[in-house]
Amino acid sequence: MLQPVAVGHKTLADYSSIVGRTLVEEIRELAEPLRGKRVLHLSATAFGGGVSEILYTMVPLMRDVGLDVEWHVIYGREEFFNATKVMHNALQGNPLDLTEDQWESWRRYNEMNARELSRGWDVAIAHDPQPAAMHTLAPEKARHWIWRCHIDLSTPNPGTIERLLPYVQTFPDSIFHMQRYVPPGMDGRVHIVPPAIDPLAPKNMAFSPEDAIYICDQFGIDVDRPLMCQVSRFDPWKDPLGVIDAYRIVKQAVPQVQLALVGSMATDDPEGWDFFNATVAHANGDPDIHILNNFNNVGAIEVNAFQSHADVLIQKSTREGFGLTVSEAIWKARPFIGGDVGGIPLQVDDGVSGFLVSSVEQCAARAQQILEDPGLGRRLGLAGKEHIRKHFLMPRLLRDWLKIFTELER
Ligand code: UDP
């Protein structure tokens, strides 16, 4: 029923020269007394989205420092995932709440999974709302329970959060990206820990300019002309239409400029396809706008190549939980422009390590400024990369987890 996920092997020592020995030593000291602790991560899927992205690195690293860690994907069928998709959107502010049947399905699958869950865990961590009822339903299966919330709960659909709260409030410990995302009435200890990216994953590892150029060229990008690029799902909150509008303004001053919008699509997401088609329509056949998705063979390596080669990287979101794509982009040391929302300002110091914008016009003005002054772009890019190195790489997140595990034992 609950499916264990096979993850590869990773070694903390490999990260030493990227994040510095001090942090690695701090991690080893914290890990020593926790050796052998049985830790379980519970999540809804092993593919796609930020949670699985993080766990594929975090689980091997926790093992490497001596913990006995497993990651299990909960069992669910279509009705469950339809319900949790509605729940996810509603919790981030969508007016559509779950039907009674959908709530019932969410609870029933949580019951099944709670029943199947094995015993004897030192710590069980439920990621996001999908498995969030399991603590209430089977508290005896683990000595400690943590709810790890990866979404923005600051302006939820009131009806949805009211139904969810009784389940999440009772977790003795919970973790949020930002203080603002903590809903009122959390009874237990609340920890604020933002996520992180893996600098050694194919999506983020250093790429030679030649390899980046070779790949971009294959997708029809003219590698001798400037490129603006946004990588994200095709979703209204990511504002690809606004990016196209900003590009059009820039093009009046810099006629050679091109735009790449790169985003992965799920086959079972009709709304995503509708919005993808709306984006293509908005581009109106402009040959300098390249709209690419995973059905054009754009995977992690290609995302890396586009980000490494672009002259300006954009994440013009109007709503954003954290925005892993922001750290991923800035890590490539290219100049970055992001919407001044959600987790983006945490990752960008406006004017120092990138620019924050609140409109199409601002976005266009900053992009033009960067394109006309490569020295500025270089400075922003380098400052940005150091900010990410210090705050948003996986070993920092591992350290924060170990600190929380230590507190649990007190
Ligand atoms: N992603 C990807 N290919 C794409 C678009 C997104 O691999 O075409 C990845 C992206 O690199 C990031 C994750 O999906 O790791 C998205 O996380 P983020 O927090 O940026 O946004 P979300 O999609 O969760 O709102």
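Counting convention: from 1, in listed order, for ligands and their atoms alike.
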Novice: Return the residue, atom name and 0.1 Å-rounded distance of the protein heavy atom closest to atom 16 (C) of ligand 1.
Specialist: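 The answer is Thr325 CG2, 4.4 Å.
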Novice: Near Glu53, which atoms of ligand 1 are under 4.0 Å from a heavy atom of that residue?
Specialist: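 Near Glu53, the atoms of ligand 1 are 15 (O).
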Novice: Identify, for atom 21 (O) of ligand 1, the protein heavy atom at the shortest distance, and state residue, atom and that distance.
Specialist: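 Here the closest protein heavy atom is Lys238 NZ, 3.2 Å.
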Novice: Hydrogens and angles aside, do Arg107 and Tyr167 bring a side-chain donor and acceptor to less than 3.5 Å of each other?
Specialist: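 Per modelled atom types, Arg107 and Tyr167 side chains form a pair under 3.5 Å.
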Novice: Flag yes if more than 12 heavy atoms outside Glu162 fall under 6.0 Å of its CD atom; otherwise flag no.
Specialist: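 Open: at most 12 neighbouring heavy atoms sit under 6.0 Å from CD of Glu162.
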Novice: Identify, for atom 11 (O) of ligand 1, the protein heavy atom at the shortest distance, and state residue, atom and that distance.
Specialist: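 Ranking protein heavy atoms by distance from atom 11 (O) of ligand 1, first comes Glu328 OE1, 2.5 Å.
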Novice: For Thr84 and Gln130, does a side-chain donor sit closer than 3.5 Å to a side-chain acceptor?
Specialist: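 No, Gln130 and Thr84 have no side-chain donor paired with an acceptor closer than 3.5 Å.
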Novice: Distance to the ring centre below 6.0 angstrom and angle to the axis at most 45 degrees; does that hold for Lys141 and Trp121?
Specialist: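 No - Lys141 does not lie over the ring of Trp121 by the 6.0 Å and 45° rule.
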Novice: Under a 3.5 Å threshold, yes or no: a donor from one side chain and an acceptor from the other, between Asp245 and His282?
Specialist: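 Indeed, the side chains of Asp245 and His282 share at least one donor-acceptor pair under 3.5 Å.
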Novice: State if Gly263 counts as touching ligand 1 under the rule of any non-hydrogen atom under 4.0 Å.
Specialist: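 Contact present.
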Novice: Looking at Gly323, which atoms of ligand 1 are within less than 4.0 Å of one of its heavy atoms?
Specialist: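 Selected atoms, number and element: 19 (O), 20 (O).
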Novice: In the protein, which heavy atom is nearest to atom 3 (N) of ligand 1, and how far is it?
Specialist: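 Here the nearest protein heavy atom works out to Ser264 OG, 3.7 Å.
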Novice: Scan the protein's non-hydrogen atoms and note whether one is under 4.0 Å from atom 9 (C) of ligand 1.
Specialist: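 Protein heavy atoms within 4.0 Å of atom 9 (C) of ligand 1 - there is at least one.
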Novice: Does atom 14 (O) of ligand 1 have any protein heavy atom closer than 4.0 Å?
Specialist: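 When distances to the protein are checked, atom 14 (O) of ligand 1 has no heavy atom within 4.0 Å.
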Novice: With respect to Gly50, determine whether any N or O atom, backbone or side chain, lies less than 3.5 Å from an N or O atom of ligand 1.
Specialist: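 No, no N or O pair falls under 3.5 Å.
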Novice: Indicate whether the side chain of Asp349 and that of Ser353 have a donor and an acceptor atom separated by less than 3.5 Å.
Specialist: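 Per modelled atom types, Asp349 and Ser353 side chains form no pair under 3.5 Å.
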Novice: Does Gln315 reach ligand 1, in the sense of a heavy atom lying below 4.0 Å from it?
Specialist: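 Judged by the 4.0 Å heavy-atom criterion, Gln315 does not count as contacting ligand 1.
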Novice: Arg319 and salt bridge (charged side-chain N to carboxylate O under 4.0 Å, His left out): which single residue from Asp152, Asp340, Asp235 fits?
Specialist: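 Among Asp152, Asp340, Asp235, the one meeting salt bridge (charged side-chain N to carboxylate O under 4.0 Å, His left out) with Arg319 is Asp152.
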Novice: Could you tell me whether the side chains of Asp122 and His144 share a donor-acceptor contact shorter than 3.5 Å?
Specialist: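 Absent: no donor and acceptor within the cut-off.
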Novice: Please state which protein non-hydrogen atom is closest to atom 7 (O) of ligand 1 and give its distance, to 0.1 Å?
Specialist: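 The answer is Lys203 NZ, 2.9 Å.
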Novice: Check this for me - ligand 1, Arg233, N or O atoms closer than 3.5 angstrom, yes or no?
Specialist: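 Checking ligand 1 against Arg233, an N or O pair does fall under 3.5 Å apart.
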Novice: With side chains defined as the heavy atoms from C-beta onward, is the minimum distance between Gln315 and Ser232 less than 4.5 Å?
Specialist: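 Yes - at least one pair of side-chain heavy atoms lies under 4.5 Å apart.
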Novice: Got the closest protein heavy atom to atom 17 (O) of ligand 1, with its distance?
Specialist: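 Among all protein heavy atoms, the one nearest atom 17 (O) of ligand 1 is Leu324 CB, 3.9 Å.
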